Amino acid sequence: MPRVVVIGAGILGLATAYNLAKRGVKDVLVVDRAYLCGGASGRNGGGVRAQFSSETNIRLMRESIEICRDFATEMKINVWFRQGGYLFLTRTAARARDLEENVALQNRCGLPTRMLDPSELHRIVPELSSEGVRAASFNPGDGVVFPWPFIWGYARAAKDLGVTVRPFTEVVGFETRGGRVTGVRLRPTRLSPLDATDEVLPAGDPYTEACDDVVLCAGAWSPKIAALLGLALPNKPHRHEICSTEPLKPWLGPLVADLTDGLYFSQSMRGEIVGGVAVEPVPEGVNQQSSRRFLTTYARALVRAIPTMAGVRVLRQWAGCYDLTPDGSPIVGRVAEPSNLTLACGFMGHGFMMAPVMGRLLAEHVVTGQTSPLFARWGLDRFARGELEHENMIIG
Amino acid sequence: MTAKAMLCRCEDVTLDEVMEALDAGHHDIESVKRYTGFGTGWCQGKQCVLACARLLAQVTGRAPEMPITPRPPLHPVPLGVLASLGGDEEG
């Protein structure tokens, strides 16, 4: 029976472990440098959408939304899933053309996305200021979830199938032989007291866990871990900030995303308005600290879009990291060397929503060793080949 | 305290819900926060974090941990006030 070590207990690592165990691979160890929900999986806005500009992303996300819809029934946990749609808007002519092309492609892929005229825009979100809006698109099937219970659902289901989930355990090295990883060097960690940097400190001696396969799902930490194997990844961490308001009675149907300034906001099932905005530049590397600049930029953008929000109070703000690739598509699949390493990173800020379907595909890839056309297209070697696949519907 | 005692009044998290998180193996305060949702409501933990930290210390036998990472702002602030601030500098 092969033994798989999954690095990263975010949603993708846990979904992969769960799907491996469902396919009979029971000896799976998932490690994480800190607590569950400590990385982007616990820090994202909970959006789940199929409105993308590439056919690959559209088709994958159609399937992922179906898994989200059935998740509560299958996993016996309430993930606060609500299909209020995604409303994309833009204030530039160039972006308006992109949006129209994307909607046509989405329709060919079977999505009911449509362009909205001003009266329909007003009907769906009456509070939205349409000043300067050039175009808007709407897919009623998109939605939002509360990310935390999603993580607990996968973790519990994986554990019930025999998977070991070990938080507060960081990777400090690898043992390799004959072009394969034979062991992962691990060290216990603890949180660094009273600093807000989310750093971890060593809390024990390193030890080795033997493995037959390694799956690297460490999000923004992936390049640093791959470097321990001498593997240079082109993805980079990029801080994104979010904030949440006091809970309000339900009034906002869709998640609204403005492709011009990167503003997005939605109302969670808890009633809070959760949202973010693009802020540049951001500090180098993995950084999960909050800035006042984000808060004022977001407040200005949101009050411009929804003037009645001016009186609503912000309860808290936090930050997490996007894991950005040069072409906007993820990096997945086995690499040439070490031959038993599978990458699953570079998800561009939509890794959470894509994990339900990607966890299944990754488990199949690890079990069968076969490379699907998707994994060939999204493989690390595409950068050497120069065959890149671009995605233009990235928020923030 | 009874099992229905309210530890987090903003998010309706009871003593037995926190105990269930501890029983499920969550022995650090950041995990307990994310498992139960305590400290994420109106007061942002100002009323409940001490009770949860104390419970954690009692159950695990370890010294009390640091509080959860504080999330700004310190008190709820209206968006309209934030929008009127400068604050373009980093920090």
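Being a predicted model, the structure only gives us computed values, none of them experimental. Numbered from 1 within each chain, the chains take letters A, B, ... in sequence-line order.
Only the side chain of A/R270 has a heavy atom closer than 4.5 Å to any heavy atom of chain B. No part of A/F146 comes within reach of chain B, as not one of its non-hydrogen atoms sits under 4.5 angstrom from that chain. For A/V314, the parts sitting under 4.5 Å from any heavy atom of chain B are the backbone and the side chain alike.
Rounding to the nearest 0.5 angstrom, the gap separating the OG1 atom in B/T69 from the CZ atom in A/R316 is 12.5 Å.
When all heavy atoms of A/W152 and B/R34 are compared, the pair lying nearest together is NE1-O, 2.9 Å. A/A299 approaches B/A83 most closely through the heavy-atom pair CB-N, 3.5 Å. Of all heavy-atom pairs between A/A310 and B/P78, the closest is O-CB, 3.6 Å. Taking both residues in full, the closest heavy atoms of B/L82 and A/T296 are given as O-CG2, 3.5 Å, listed atom of the first, atom of the second, then distance.
Sparse packing is recorded around CD of A/E284, with 12 or fewer heavy atoms of other residues, nucleotides or ligands lying under 6.0 Å away. A 6.0 Å sphere centred on CZ of B/R54 holds no more than 12 heavy atoms belonging to other residues, nucleotides or ligands. Atom NZ of A/K159 has more than 12 heavy atoms from other residues, nucleotides or ligands within 6.0 Å.
Residue with the most contacts toward chain A among B/G37, B/A24, B/C10, B/P76: B/P76 (heavy-atom pairs, distance under 4.5 Å). If you tally non-hydrogen atom pairs under 4.5 Å between each of B/P72, B/G25, B/S31 and chain A, the highest count goes to B/P72.
Two residues are said to be in side-chain contact when any heavy atoms from C-beta on lie closer than 4.5 Å; B/Y35 and A/L36 fail this criterion. By the 4.5 Å heavy-atom criterion applied to side chains, B/K33 and A/W148 are counted as neighbours.
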- Test log, rule side-chain contact (heavy atoms from CB on, under 4.5 Å), inputs B/L79 and A/Y298: CA-CA 9 Å; B/L79 281 156; A/Y298 173 75; 4.1 Å; yes

- Test side-chain contact (heavy atoms from CB on, under 4.5 Å) on A/R292 and B/L85 and set out the steps. CA-CA 10 Å; A/R292 184 179 134 183; B/L85 297 176; 4.2 Å; yes

Name the atoms and distances for all side-chain donor-acceptor pairs under 3.5 Å in residues 42-51 of chain B, with sequence neighbours left out.
residue: B/Q44; atom: NE2; partner: B/T40; partner atom: O; Å: 3.2
residue: B/Q44; atom: NE2; partner: B/G41; partner atom: O; Å: 2.8
residue: B/K46; atom: NZ; partner: B/C43; partner atom: O; Å: 3.3
residue: B/K46; atom: NZ; partner: B/L74; partner atom: O; Å: 2.7
residue: B/Q47; atom: OE1; partner: B/R9; partner atom: NH2; Å: 2.8

Side-chain donor-acceptor contacts of residues 242-251 of chain A below 3.5 Å, not counting sequence neighbours, with atom names and distances?
residue: A/T245; atom: OG1; partner: A/I273; partner atom: N; Å: 3.0
residue: A/E246; atom: OE2; partner: A/R313; partner atom: N; Å: 2.6

